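Reading through the structure tokens given below for one structure.
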2 protein chains.
Amino acid sequence: MLKYKNKKFVCHIDLGMELIRGKWKAVILCHLNDGPKRFLELQRITCGVSQKVLNEKLTELENDGLIFKTTYPEVPPRVEYELTDLGKGLFPALDLLEQWTVKNYPFDKK
Amino acid sequence: MLKYKNKKFVCHIDLGMELIRGKWKAVILCHLNDGPKRFLELQRITCGVSQKVLNEKLTELENDGLIFKTTYPEVPPRVEYELTDLGKGLFPALDLLEQWTVKNYPFDKK
DNA sequence: CCGTATCCTTAAGGATACTG
DNA sequence: CAGTATCCTTAAGGATACGG
């Protein structure tokens, strides 16, 4: 039994999965690997997930140290999200998962 | 936009994550990589998750073709779960995730 | 030992409206 | 454009009891 942030985990993979849990976190991380993205770009990538949900996920990822954001003091506001070094280290695993999926699920487009 | 089993996914990583979503699936898959396990062994590994939940997850993994089970006609019954080839192919990604977690979260034991 | 059924609680996700 | 607030629906997980 292991502990992190007052939560209990039965093993390391359990904790690792916790950090990318939810419908959108892995998707966000994968796309941020290509470079910084603005809020609206991420919303487009996620096919229009609501602002509330997208913000929730971005905040959680930031709190877990996987991404950080830069706010430019302009009008209208501009904010960019990008991976931290910790977040970049997670990419190889996500990349392998994606490759496995592409290989085994050549599924219908549209 | 991609489709699989009547569900929609925004990209491949989205589908890949869907298959290992939930509190226990990745944990089960990782431990099955060491070899076949019985129901009670898996329950012990998951620190006593309820039978209902464990069965749900095992059934979902089986339906997705990641594991299969062998039922031995004995009394008391004996059932063994193990990875399919498809499931084995997923292990490298999970293994990388675990390594990343071990490296970055050397957290408190117990 | 393994699996099912029932009931319950909480967490996740979405719709919408509003603000600087 | 980015973020917050409110409300709502559904999905996930757990407790318990029972049956082959």
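It should be emphasised that the depicted structure is a prediction, and the values quoted were computed from it without experimental measurement. Every chain is numbered from 1 and lettered A, B, ... according to where its sequence line falls, protein lines coming before strand lines.
Looking at A/Trp100, its side chain does come within 3.5 Å of a backbone N or O of B/Leu86 through a donor-acceptor pair. In this structure a side-chain-to-backbone donor-acceptor pair under 3.5 Å is present from A/Thr84 to A/Leu66.
Remark: B/Asn55 is not in phosphate contact with C/dC2, judged by side-chain N or O atoms under 4.0 Å from OP1 or OP2. Note on A/Arg38: a side-chain N or O is less than 4.0 Å away from OP1 or OP2 of D/dA2. B/Tyr81 has no side-chain polar atom (N or O) that falls below the 4.0 Å cut-off from OP1 or OP2 of C/dC1. Taking 4.0 angstrom as the limit, A/Lys57 places a side-chain polar atom (N or O) nearer than this to OP1 or OP2 of C/dG13. Not one side-chain nitrogen or oxygen of B/Lys52 sits closer than 4.0 Å to the OP1 or OP2 atom of C/dC8. Within the 4.0 Å cut-off from OP1 or OP2 of C/dG3, at least one side-chain nitrogen or oxygen of B/Lys69 is found.
Candidate nucleotides C/dG3, D/dG14, D/dA2 were compared by shortest atom distance to the side chain of B/Trp24, and D/dG14 ranks first. Taking every side-chain heavy atom of B/Gln51 into account, D/dA17 is the closest of D/dA17, C/dG14, D/dC1. For B/Pro77, taking side-chain heavy atoms from C-beta onward, the closest of the listed nucleotides C/dG3, C/dC1, D/dA15 is C/dC1. Checking C/dA15, D/dC1, C/dG13 against the side-chain heavy atoms of A/Leu40 singles out D/dC1 as nearest.
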Exercise for review: Any chance you could lay out the salt bridge (charged side-chain N to carboxylate O under 4.0 Å, His left out) test for B/Asp14 and A/Lys23, step after step, and finish with the verdict?
Suggested key: CA-CA 7 Å; B/Asp14 187 16; A/Lys23 174 73 176 164; 3.1 Å; yes
Practice item. Just do the side-chain contact (heavy atoms from CB on, under 4.5 Å) check on A/Met17 and B/Met17 with the steps written out, would you? Key: CA-CA 10 Å; A/Met17 285 298 300; B/Met17 285 298 299; 4.0 Å; yes
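Remark: P of D/dA11 and CD of B/Glu18 are 11 Å apart, rounded to the nearest angstrom. Between B/Arg44 atom CZ and C/dC1 atom P there is a gap of 12 Å when expressed in whole angstrom units. For B/Gln43 and C/dC1, the CD to P distance is 10 Å, given to the nearest whole Å. Taking atom NZ of residue B/Lys7 and atom P of nucleotide C/dG13, one finds them 12 Å apart after rounding to whole Å. Summarising the geometry, the separation between CD on A/Glu56 and C1' on D/dG3 is reported as 12 Å, rounded to the nearest angstrom. Atom P of nucleotide D/dA11 and atom CD of B/Glu60 are separated by 12 Å, given to the nearest angstrom. Rounded to whole angstrom, the span from the NZ atom of B/Lys23 across to the P atom of C/dA12 amounts to 11 Å. To the nearest angstrom, P of C/dC1 lies 16 Å from CG of B/Leu58.
No contact: B/Val75 has no heavy atom under 4.0 Å from any strand. Nucleic acid contact for A/Val79: sugar-phosphate only, since backbone atoms but no base atoms lie under 4.0 Å from a heavy atom of the residue.
By the 30° and 60° cut-offs, the orientation of the rings of A/Phe39 relative to A/Tyr81 is tilted.
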